[in-house]
Amino acid sequence: MTANKTIGEGMGTKRRWVLTMGALAVGLATSLSAMAANVLQDVRYASAPGGKVDITLQFAEPVGDVQAFTTDTPPRIAVDIPGTTNGLSQRRVVIGSGATSAVSAVEAGGRTRVVVDLFRPAGYTTRSAGNLLVLTVDAGAQPSSLATGSDPTKKVASDIEVANIDFRRGENGSGRVILRFTGDGAAADMRNEGSRVVVDVANASIPESLRRRLDVTDFATPVQSLEPNANAGSTRLVINTSGAFDSMAYQTGNEYVIEVTPKRGAPTAVVAGAPGRAAGAVAGDAEAKRYAGRPVTFNFQDVPVRTVLQLIAEESGLNVVAADTVQGNVTLRLINVPWDQAMDIVLRAKQLDKRRDGNVIWVAPQKEIADFEKAVADARIANEEREPLVTEYIAINYGNAEEIAALLTENSKNSGGAGGSGGAGGIVKGFLSPRGSVSYDSRTNTLLLIDIASKIAEVRNLLATLDRPVDQVLIEARIVVATEVFARELGVIFGVQDRTGTLANSNETTTDSGFAVDLPATTPAGALNLSILRQDIALELELSALEEEGRGEVVSNPRVITANQREAVIRQGDEVAYLTIQPATTPGAVAVATVEFKEVLLELKVTPTITQDGRVYLNLAVKKDEVSELIANPAGGFIPQIAKREVSTAVLIDNGQTVVVGGVYEFKNRDDLRKVPFLGDLPVLGNLFKNKSKGMEKAELLIFVTPRILQVAHKG
């Protein structure tokens, strides 16, 4: 009983201990939960004067005491905020300004640690205001190369002067200002102040000759003028702008370059002509290149190039592999610049180049990449020279084997039934390797290839594209000749005759004496006669009239089908015979009559070309002849007079569309009047002494053309 009671009491004690520990755990968890009630909501940053960077941490509640410490290898600032959870949507924020590289946050053990990655060791200060915690990072130590006596061959920072100020028109209408110094190590700082960009170079002076205002309005960029001045022993350059703009700057060697670009969507003036050098400025247009990377902002002061490439890799999401020979530092200030443009600027500043393979970018010096690619090409050529040769026979279906052989080698032409060209010593161009050769058999239209396997595969791929049936074109022409004739004529015959008149002082009698008006219609269609007969006087009157009207139309419709880019000709007509007389050349000789022929044709000559967009370009000539009349030959027979109608032109027509490629319109109008003088001018009665005629002729020639593409199916 005692033992059992002891055991029971022990078990009760253990149970009470467990309950007590559970209660403590619950209380501790509640306490930790209360302590971790704050949340890190946002991280933002801003550049401050003197190369400093203000990093603002925003929390859900006011921030209490924080613990911060630094490390030198690698240079970092770490800030611990107890009782706080991490509510940031992204783990790392790239800054790239001053000595600050990036900011990252991680949560563990009921606290959040904010880590600031640095380019170089730098001091810092912290201050809190409500639910904001501001961490100010200093610019850090200046490069040792700026210290006096670091390199006796270079000028020290205090001896640097501005050597020249250039202005150029850059890509996409940007203004590029180039500050050139007498030595390396200029400490330049750029900032935007409203519509101005201010650049201060604290350790460089500017001579009096360069302190003049430069007007660069004519370059059609956002930059209007440059105002360089001395500022307490240093140099200040004020860039006056107009319109919305973005600014960026980078430094390499003894040059500091500022680019002021118009914002996307902002209008850019068009340069009417290339401006000359004005007030120390030069004009230069670079070939525009489009960038599509996410905008980044970098503000570096003499940081390693490899560090910049690492930041670009993080922003782009790509893998950047830098060669061991990529060395040196760079100074950049880029604001809202696409990351791919930022990379190009860095590479250009340090004479580097890149090659991309998928999501990996290889960066190396330009010469190193060129040597590598040359070595790869040399190795490929060496492998081709050792690769065994293969023989292939390729049947040509639609093309000509001889023409294709000439295409492959650019010098393979032979006049025999079979021929060839090629060989390691003879072919230096074309689609074959130096050891390859090609010949052809014209009887079977077959190519005979001897080359390495990869080249033969390339030739087969080429022939799969070239050896296809050629589309054909049906060309239909209509030649319409329309004529219209109208004529009207009105005439009169009027006469008075004295059949028994007696001559004065004479007893003789005469007949048919009197007068007459003879103005009849040429070929009267109708006449009205009136005659009054008396014993000794006859009065005769005849009115005649003619009206003629005629219409005619001749339609010729030649058609022809031809292959693409092949000339086609279709003709129809007669040969008209006529005599020519050769007179005798010697006394007693006989003249010789010779029969000659003249062609009278309807002809269509056309060469079609099918364009890539399905239209037809026609180079055509259309001709229609006809015998208009026969002229009598004094020596005998007749000579034909031929009326010619033709057009020669080139025209682009949609498939199946009908167009008028040419036309001639003729109009003749004629009014004739014959009358007896004075009598013909009398009112009313004057019509008895007139002959009136009116004629009108119309002739119209129209040429219509309609092409239709007849596509031929390819049987593979």
Side chain to side chain donor-acceptor pair (under 3.5 Å) for Asp215 and Ser225? Distances and angles first, verdict last. CA-CA 5 Å; Asp215 188 351; Ser225 63; over 6 Å; no
Evaluate the criterion side-chain contact (heavy atoms from CB on, under 4.5 Å) for residue pair Arg212 and Glu227; output intermediate values, then yes/no. CA-CA 7 Å; Arg212 62 184 187 276; Glu227 297 180 2; over 6 Å; no
Are the side chains of Val115 and Val103 in touch, meaning some heavy atoms are under 4.5 Å apart? no
I'd like to know if Arg191 pairs up with Glu193 as an ion pair, taking the criterion as any Lys NZ or Arg NE/NH1/NH2 lying under 4.0 Å from an Asp or Glu carboxylate oxygen. yes
Would you call Val116 and Leu118 a side-chain contact if the rule is heavy atoms closer than 4.5 Å? yes
So, for Glu368 and Trp362, which heavy atoms are closest and what is the spacing to 0.1 Å? OE2-CZ2, 4.3 Å
Return yes if some donor-acceptor pair links the side-chain N/O of Thr136 with the main-chain N/O of Asp54 below 3.5 Å, else return no. no
Side chains of Leu652 and Thr611: closer than 4.5 Å at any heavy-atom pair? yes
Non-hydrogen atoms of Asp654 and Arg615 that approach each other most closely: OD1-CD, 2.7 Å
Considering all heavy atoms of both residues, which atom of Asn329 and which atom of Pro304 are nearest to each other, and what is their separation? OD1-CA, 3.3 Å
Judged by atom type as modelled, is there a donor-acceptor pair below 3.5 Å linking the side chain of Asp451 to the main-chain atoms of Arg435? no
Count the heavy atoms belonging to other residues, nucleotides or ligands that lie under 6.0 Å from CG of Asp65, then report whether that count exceeds 12. no
For the residue pair Asn131 / Gln58, report whether a side-chain donor-acceptor contact shorter than 3.5 Å exists. no
In this structure, are over 12 heavy atoms from other groups packed under 6.0 Å from Asp357 atom CG? no
Using 0.5 Å steps for rounding, measure from the CG atom of Asp80 to the CZ atom of Arg113. 4.0 Å
Polar side chain donor-acceptor pair, Ser247 to Asn192, under 3.5 angstrom: yes
Tell me whether Glu373 is salt-bridged to Arg355, with the criterion being a basic N under 4.0 Å from an acidic carboxylate O. yes
Under 4.5 Å between any side-chain heavy atoms of Val177 and Val257, yes or no? no
Quick one: closest heavy-atom pair of Ala322 and Arg306, and the distance? O-NH2, 3.7 Å
Could you tell me whether Lys350 atom NZ has more than 12 heavy atoms of other residues or ligands within 6.0 Å of it? yes
What I'd like to find out is whether the side chain of Val223 reaches to under 4.5 Å of the side chain of Asn240, using heavy atoms alone. no
Quick one: does Phe245's side chain get under 4.5 Å of Pro262's, heavy atoms only? no
Nearest 0.5 Å please: distance from the CG atom of Leu179 over to the OH atom of Tyr256. 8.5 Å
Worked verdict on Phe167 versus Thr221 for side-chain contact (heavy atoms from CB on, under 4.5 Å): CA-CA 11 Å; Phe167 181 80; Thr221 70; 3.4 Å; yes
Between Asp42 and Arg44, is the closest basic N to carboxylate O distance under 4.0 Å? yes
I would like to know whether Glu315 and Arg294 meet salt bridge (Lys or Arg N to Asp or Glu O under 4.0 Å); could you show each step before the answer? CA-CA 8 Å; Glu315 287 294 326; Arg294 186 172 64 180; 2.8 Å; yes
Taking atom CG of Asn359 as the centre, report whether more than 12 heavy atoms of other residues, nucleotides or ligands fall under 6.0 Å from it. yes
Is there a side-chain contact between Leu311 and Phe119 (heavy atoms, below 4.5 Å)? yes
Euclidean distance, Met343 CE relative to Lys354 NZ, rounded to 0.5 Å: 7.0 Å
Specify the closest pair of heavy atoms between Gly175 and Pro222, including all atoms of both residues, with the distance to one decimal. N-CD, 4.5 Å
Do you know which two heavy atoms are closest between Val296 and Ala342, and how far apart they sit? CG2-CB, 4.3 Å
Electrostatic pair Asp371:Lys367 at N-O distance under 4.0 angstrom: yes
Check this for me: does any side-chain nitrogen of one of Arg180 and Asp166 sit under 4.0 Å from a carboxylate oxygen of the other? yes
Taking the basic N atoms (NZ, or NE/NH1/NH2) and the acidic carboxylate oxygens, is any pair closer than 4.0 Å for Glu314 and Arg92? yes
Would you give the length of the straight line joining atom CE of Met190 to atom CG of Leu237, rounded to the nearest 0.5 angstrom? 11.0 Å
Show, in sequence, the C-alpha distance, side-chain angles and deciding distance for Gln224 and Thr241, and conclude whether the side chain to side chain donor-acceptor pair (under 3.5 Å) test is met. CA-CA 5 Å; Gln224 302 297 300; Thr241 67; over 6 Å; no
Verify the distance criterion only: is there a donor paired with an acceptor across the side chains of Asn86 and Thr112 at less than 3.5 Å? no
Passes side-chain contact (heavy atoms from CB on, under 4.5 Å), Ser128 versus Leu133? Steps please. CA-CA 4 Å; Ser128 61; Leu133 177 64; 4.2 Å; yes
Rounded to the nearest 0.5 Å, how far does CZ of Arg348 lie from CD of Gln366? 11.0 Å
Side-chain contact test, heavy atoms from C-beta onward, threshold under 4.5 Å: evaluate it for Gln67 versus Val79 and give yes or no. no
Have a look at Val66 and tell me which of Leu57, Val114, Thr84, Ile81 forms a side chain to side chain contact (heavy atoms under 4.5 Å, CB included) with it. Ile81
When you measure from the side chain of Arg236 to the backbone N and O of Ala230, does any donor-acceptor pair fall under 3.5 Å? no
In sequence, state the C-alpha distance, the side-chain angles, and the governing distance for Ile55 and Thr100, and then conclude on side-chain contact (heavy atoms from CB on, under 4.5 Å). CA-CA 10 Å; Ile55 303 173; Thr100 309; 4.1 Å; yes
Separation of Arg356 CZ from Asn319 CG (nearest 0.5 Å): 10.5 Å
Given 3.5 Å as the limit, does a donor-acceptor pair link the side chain of Asn38 with the main chain of Glu61, or not? yes
Backbone of Tyr45 reached by a side-chain donor or acceptor of Thr56 within 3.5 Å: no
